[in-house]
Amino acid sequence: MVSYKSLGLVNTKELFRKAVDGGYALPAYNFNNMEQLQAIIQACVETRSPVILQVSSGARKYANQTMLRYMAQGAVEYAKELGYAIPIVLHLDHGDTFELCKDCIDSGFSSIMIDGSHHPYDKNVELTRQVVEYAHSREDYVTVEGELGVLAGIEDDVVAEKSHYTQPEEVIDFVEKTGVDSLAISIGTSHGANKFTPEQCTRNEEGILIPPPLRFDILTEIEKQLPGFPIVLHGSSSVPIEYVSTINKFGGDLKDAVGIPEEQLRKASKSAVCKINIDSDGRLAMTAAIRQVLAEQPGVFDPRKYLGTGRSTLKELYMHKNNNVLGSAGKA
Ligand code: G3H
Ligand code: 13P
Ligand code: ZN
């Protein structure tokens, strides 16, 4: 049993309270390898932003869970070495079973998501409640994020039926019955780099896809039901056109990629949305940079050359998010 406090990590309780009161959102960035983690820490230290480091089950399989846990501990020390001890949360992204959540809690995670959103409502409540009971009974309180409403995007049918959006009339009951510390909701975001079909979008004069707006009416209704309660947005990459173009210019083949416009995320950050999940944009930034180096410098075979360029590009991306989209810069 490892206490997250002994690793220098914090849970989300106080950070979310400040973010809701201050009208900004915390960045929740996924990492799977050292370069991604370095870029996140460098960017967040430089912008003086608190940060949530997210580990998915896929990341645990790819990089090994023990490696990732020690890397997060290393990140705490790295931030200090860079000159500023920003608050760092180690968070399980999309935990799907009690056993996985327990394993992460026991090995030093300070925050957990239990994603029961694909289950029927009662089963979601039961599973989430079970995780909350365990997480909150630890000597160091581990915070828990639940989810209500299903995000499109993993499914092929991105057209979210009404029932896929979070139903505001359910949120009070869910939060009361489960005891979660924050709630992920579905208002039109989705995972990946193709968040909407071209048919759901319009096109501007240059032919660029313009997605339909997020359902801010649902968010407002949820805020009315749960005043000041921390709300989370998944699937919030913006899929910047410049990365997609660079990837395609240097041999990639990404078709009809489209994300959530930054202005909408900026608007959401000023509401009770206090955690915004971004993974795909980091993947695109790194892939674009690496493809460009390898295409333009065919003699390069030292991974530090292309991974290093990928890392610098990622850092710029995260600094931009903290400064201009989430509003978390200067809040550490
Ligand atoms: O929401 C999912 C995250 O982007 C993590 O993706 O399961 O491929 O690691 P992954
Ligand atoms: P994106 O695919 O939009 O980056 O979303 C990531 C996410 O929600 C991680 O939980
Ligand atoms: Zn997600």
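Both ligands and their constituent atoms are indexed starting at 1 by order of listing.
Separating the CD atom in Gln200 from the CG atom in Asp256 is a distance of 11.5 Å, to the nearest 0.5 Å.
Annotation: atom 8 (O) of ligand 2 to nearest protein heavy atom, Gly235 N, 2.8 Å. Summary of contacts: the protein heavy atom closest to atom 9 (C) of ligand 2 is Asp93 OD2, 3.1 Å. Scanning all protein heavy atoms for the shortest distance to atom 7 (O) of ligand 1 gives Ser56 OG, 3.7 Å. For atom 1 (O) of ligand 1, the nearest protein heavy atom (residue, atom name, distance) is His191 CD2, 3.0 Å. Nearest protein neighbour of atom 2 (O) of ligand 2, counting heavy atoms only, is Ser280 OG, 2.7 Å.
Considering backbone and side-chain N/O atoms, Ile278 never comes within less than 3.5 Å of an N/O atom of ligand 2.
Within the 4.0 Å heavy-atom criterion, neither part of His234 lies near ligand 1. Proximity of Ser236 to ligand 2, defined as any heavy-atom pair under 4.0 Å, is confined to the backbone N, CA, C and O atoms. At a heavy-atom distance under 4.0 Å, no atom of Asn277 approaches ligand 1.
Note on ligand 1: Arg283 sits in its first shell, one or more heavy atoms being nearer than 4.0 Å.
Between Ser237 and Lys195, some side-chain heavy-atom pair lies under the 4.5 Å cut-off. Counting heavy atoms from C-beta outward, Leu183 and Leu148 have side chains that approach closer than 4.5 Å. Residues Thr12 and Lys275 are not in side-chain contact: their nearest non-hydrogen atoms beyond the backbone lie 4.5 Å or more apart.
Within a 6.0 Å radius of OH in Tyr70, other residues, nucleotides and ligands contribute 12 heavy atoms or fewer. More than 12 heavy atoms of other residues, nucleotides or ligands lie within 6.0 Å of NZ in Lys13, so this atom counts as buried by the packing criterion. Atom CD of Glu169 is surrounded by more than 12 heavy atoms from other residues, nucleotides or ligands within 6.0 Å.
Tyr84 carries Arg48 over the face of its six-membered ring, with the cationic atom under 6.0 Å from the centre and within 45° of the normal. For the pair Lys270 and Tyr24, the cation-pi test (distance below 6.0 Å, angle within 45°) is failed.
With ring centers used as reference points, Tyr318 lies under 6.0 Å from Tyr29. Between His191 and His94, the gap from one ring centroid to the other is short of 6.0 Å.
With ligand atoms numbered from 1 in the order given, ligand 2 contributes 8 (O), 10 (O) to contacts under 4.0 Å with heavy atoms of His234. Taking a cut-off of under 4.0 Å to the non-hydrogen atoms of Lys195, the atoms of ligand 2 that pass are 1 (P), 2 (O), 3 (O). Those atoms of ligand 2 with a heavy atom of His94 less than 4.0 angstrom away are 10 (O). Annotation for ligand 2: atoms under 4.0 Å from non-hydrogen atoms of Asn30 are 9 (C). Remark: ligand 1 atoms within the under-4.0 Å shell around heavy atoms of His94 are 1 (O), 2 (C). The atoms of ligand 1 that sit less than 4.0 Å from any heavy atom of Asn30 are 3 (C), 5 (C). Remark: ligand 1 atoms within the under-4.0 Å shell around heavy atoms of Asp279 are 3 (C), 4 (O), 5 (C), 6 (O).
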**Request:** Might you work through the side-chain contact (heavy atoms from CB on, under 4.5 Å) test for Leu100 and Leu92, ending with a clear yes or no?
**Result:** CA-CA 9 Å; Leu100 171 60; Leu92 170 66; 3.9 Å; yes
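The Zn ion (ligand 3) forms the vertex of an angle spanning NE2 of His191 and NE2 of His94; to the nearest 10 degrees it equals 100°.
The N, O or S atom of His234 with the smallest distance to the Zn ion (ligand 3) is ND1.
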